Amino acid sequence: MMSKIYIKILSVFSILLLASCTNDTFERIAIEENRNESDYATGTAQVRPDALVPGNGVLMQAFYWDVTEGGIWWDNVKSKLDGWAENGIDAIWIPPISKGQSGGFSMGYDPFDYFDFGDYEQQGSKETRFGNRAELEGMISKAHENSIAVIADMVINHNSGGDLEYNEFRQLESYTSFKPASGMFSRTQYDFHPNAEHLFDEGKFGGFPDLDLLNPYVQDWMWKSEESVANYYSNVLKIDGWRFDFVKGYAPEIVKEWVETVGGYAIGENFDGNLAGVVQPWVEKSGASAFDFPNFFNMRNAFENSNLTSLTGSSLFASMPNKAVTFVGNHDTEARDGGNEFPDKWETHAYAFIMSAPGYPSVFYSHYEDSGDEQKQRIQQLIKIRQELAAGDWMVNYVDTDEFIATRTGDGEKPGLVLYINISNEEVSRDIQTHWVDANVKDYTEEFFVFQKSDASGMVTVKAPASGYAIWAYTDEAQTAFPDMLYLPGNYQGWDPASAPFISSVNTPNLDGLYSGHVQLTEATNEFKFTDAPNWDNGIYGDSGDGSSGMLAAPGNNVMLAGPLDYEIHVDLINNTWSANTWAIIGDATPNGGDEPDTDMSYDFERNVWTVTANLTDGQLKFRANNGWEVNLGDNSADGSLESGGDNIAVTAGSYQIDLDVQNNTYTLGNWAIIGDATPNGWNDPDTDMTYDDVNSVWVITADLVVGEMKFRFNNGWDVNLGDNGADGTLESGGSNVAVSTEGNYTITLDLNANTYNLMLN
């Protein structure tokens, strides 16, 4: 370096500065800039050759606004690094590391001493909000052990916390006297705007003193010298790269010169949605990457306004993918004032978008660590999908207000993908042209488990769930079908799989692992397992908890259900879940009135309906599962069709056989009667109704019969009727008429459990 004393002669200024300097008037003043020899930075900055270069994984913003105070943050981040590395994070963006004007309360964006990392008692504290230097360096070292680059947030546009001094350039007192306890980089009025050489630069941030980055003294201390901030952070602290804050405040050439001097990965925060006029020109001039604010605003508009066509707006990732850092949120966009919040409901959809698209995606700490396990797992899944699939050119295949489909073409290592986002309330599907020919294509988000098959031209049908997303790609896996049946051996039948009842697959071939069926459990407490063969040699599944958790494990604990009852049982071997429903009637018309217990129904395995026969009173009833109101059915229109949570069903007193068809959401309330020329009304309607004997569980009637024939029929219709083909007292559906050979008064009994009847002449 040449002379350590810079002489600046102020010319005649008669100018009104920008709004940030309103009313500052400059006269002809000759100012000699005097500094102590020890104030100057020495040596020359060097590029660190072993700095980590991120970009192949995912960037984690390792903080949010107003993180926990008390100097614990560096240790908190350190504790997360092993897990982050395992889940594809290759860089962390950390907040400004030096002491700010607010001391232990500062988030670092009010920089005072660039060389105080929590070890000097100044600005009201010793530690920074995040910790001290030893904790910072421990965190950096741990990051490097995990091959994670550390990106420091650099606030170089402005400073804060200086003492008052008389500012000859402004002819008033200003807070521009900085005497940091570190003894490094003292500043005065000569180092801020306005001064003799530079009145202002590209932008001023609020009322903070605006650092003159064209001043040689400032440049030496910021990035040119061996003692500079940049060189110290890179070569002593081992910082790997830079996130430049508020780059609208200074020329992009500053960033370019900084990186050319000390190296390191660089990202600029150019908070602007204007790609062509602002963001891209800045990237081209600085040579650095930039946060893709244009894409952020596209995504926010698309999901806030329910119009996915906004996703096709201009973006940095589409024009300069190697320079785009895509994101769904950060400390600038989180809703401290409600202004820029990304809609919570669609956060993971937006992550699916940026993890599928070109660019270097960033994950926000709050979205990952503080939004619940389900969202964290979804983001982890999307990062993994990106690592395995995302490569090649990006092309939008289809878009409308509710649906968005885009493809990546892949490269020699990754197959590419099809991203399908759907914000409608129904599942959707489209035929999409891909480069996968005669191939199995699967959904890597596991919303759909059945593979699709592309044809000889690469056309394939892809789907997206209601209000969801799916990511499809080629797989060399073969779709393996599950067994067609699951057996339920248990204590109620002697724990014998070979003789156990079974439930069947919902679809054939059974590619989705879904089973459904009915089983009669005869014990007061029933314990059982599921087996995928009529033996104990293959897959065995039980409950992962206490027998009632609804989650499966292999072999797990015994599933436990109360009885004796019939149950409708569902199993999902992909999501490892099981459920069981038993149905009953409840209401003031039912035998127990409106009080529990419900009146249980049984399952008729021949007719595939739930049924109960009971004597009802005038009143109302509903159907409900498992003696609770979470699943209940009523009839809103009194038309025999059921709705979830529907209206109570009105009934009049009488004996009824009540049938419930859960699959078709229908029900009937009917009774049994006799009809025929031997009966009081002949073959004409109405039938002669029978009464239910709930003590003996039979239907009975006492009536005068004449010589002739009769039958039993249900609900005054011929859809369900019983006769006797062999005149042996056993009934068959639609069987022959029953002969009455002697006139007289009869007691007629119908036993539906045994399918028998009796005509006793009184």
Side-chain angles (χ1 to χ4, degrees), residues 57-67 80 83-84 87-89 92-93 271 273 291-313 315-317 324-387 390 399 401-406 417 419-425 443-447 464-471:
V58 172
L59 171 68
M60 171 69 74
Q61 179 179 356
F63 67 100
Y64 52 91
W65 197 257
D66 288 341
V67 300
K80 307 285 187 185
W84 289 352
N87 286 288
I89 303 301
I92 55 172
W93 159 24
F271 200 130
F291 287 100
D292 197 346
F293 277 95
N295 180 64
F296 169 79
F297 291 122
N298 290 342
M299 293 193 300
R300 195 184 70 177
N301 292 339
F303 291 111
E304 275 190 347
N305 300 326
S306 299
N307 186 353
L308 296 188
T309 62
S310 295
L311 293 176
T312 62
S315 63
L316 188 60
F317 86 75
V325 179
T326 53
F327 66 101
V328 178
N330 59 38
H331 72 287
D332 284 320
T333 65
E334 62 180 314
R336 295 189 295 277
D337 61 359
N340 288 303
E341 182 177 16
F342 199 92
D344 292 344
K345 177 181 179 180
W346 305 112
E347 278 178 1
T348 51
H349 296 67
Y351 275 110
F353 185 89
I354 67 170
M355 293 298 173
S356 300
Y360 180 39
S362 172
V363 173
F364 186 27
Y365 183 100
S366 296
H367 293 168
Y368 188 86
E369 293 289 353
D370 296 335
S371 297
D373 288 341
E374 181 179 353
Q375 174 151 307
K376 184 175 185 178
Q377 290 166 7
R378 284 183 173 273
I379 294 174
Q380 288 173 345
Q381 180 192 61
L382 290 167
I383 295 172
K384 183 179 179 182
I385 288 173
R386 178 179 182 80
Q387 291 173 322
V399 64
T401 55
D402 291 336
E403 299 176 48
F404 176 90
I405 304 176
L417 54 81
L419 168 67
Y420 198 164
I421 299 175
N422 170 34
I423 60 173
S424 76
N425 293 323
D443 171 28
Y444 282 75
T445 69
E446 298 182 339
E447 290 289 337
S467 299
Y469 60 86
I471 300 176

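Because the structure is predicted, anything quoted here is derived from the model rather than measured. We number each residue from 1, following the sequence as shown.
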(message) My understanding is that only one of Val58, Val363, Ile471, Ile354 makes a side chain to side chain contact (heavy atoms under 4.5 Å, CB included) with Leu382; could you say which?
(response) Ile471
Quick check: closest heavy atoms across [X] and [Y], and the distance to 0.1 Å?
X	Y	answer
Asp292	Ala324	OD2-CB, 4.1 Å
Gly88	Ile383	CA-CG2, 4.0 Å
Thr326	Pro361	OG1-CA, 3.3 Å

With rounding to the nearest 0.5 angstrom, report the [atom1] to [atom2] distance, [X] to [Y].
X	Y	atom1	atom2	value
Leu417	Arg386	CG	CZ	9.5 Å
Thr348	Met355	OG1	CE	11.5 Å
Gln61	Ser366	CD	OG	8.0 Å
Lys345	Glu304	NZ	CD	13.0 Å
Asn295	Met299	CG	CE	4.5 Å
Phe291	Thr333	CZ	OG1	10.5 Å

Using a 4.5 Å cut-off on heavy atoms from C-beta on, say whether the side chain of [Y] contacts that of [X].
X	Y	answer
Leu419	Phe404	yes
Asn87	Tyr368	yes
Ser315	Asn298	yes
Phe327	Phe364	no
Phe342	Phe296	yes
Phe303	Leu308	yes

(request) Taking atom types as modelled, find out whether Tyr444 and Gln381 have a side-chain donor-acceptor pair closer than 3.5 angstrom. (result) no
Quick one: ring-ring contact (aromatic ring centres under 6.0 Å, His included) partners of [X], sequence neighbours excluded?
X	value
Tyr351	His367
Phe317	Phe353, Trp394
Tyr469	His349

Holding to side-chain hydrogen bond (donor to acceptor under 3.5 Å, both in side chains), I want the full list of residues that pass it with [X], two or more places apart in sequence or in another chain.
X	answer
Glu403	Tyr420, Arg430
Tyr365	Asn76
Ser424	Asn422
Thr445	Asp443

(message) Taking side chain to side chain contact (heavy atoms under 4.5 Å, CB included) as the definition, give me every residue that meets it alongside Asn305, ordered by chain and number, with sequence neighbours left out.
(response) Asn301
(message) Test of understanding: with side chain to side chain contact (heavy atoms under 4.5 Å, CB included), list the residues that count as partners of Thr401, not counting sequence neighbours.
(response) Asn307
(request) Hey, can you tell me if Trp93 and His331 have their rings parallel, tilted or perpendicular (30° and 60° cut-offs)? (result) perpendicular
(request) For residues 352-363, pull every pair meeting salt bridge (Lys or Arg N to Asp or Glu O under 4.0 Å), keeping only residues two or more places apart or in separate chains. (result) none
(request) Determine which pairs satisfy salt bridge (Lys or Arg N to Asp or Glu O under 4.0 Å) with at least one residue from residues 362-371, sequence neighbours left out, and list them in order. (result) Lys80-Glu369, Glu369-Lys376
(message) So, using salt bridge (charged side-chain N to carboxylate O under 4.0 Å, His left out) as the criterion, who are the partners of Glu447 when residues are at least two apart?
(response) Arg378
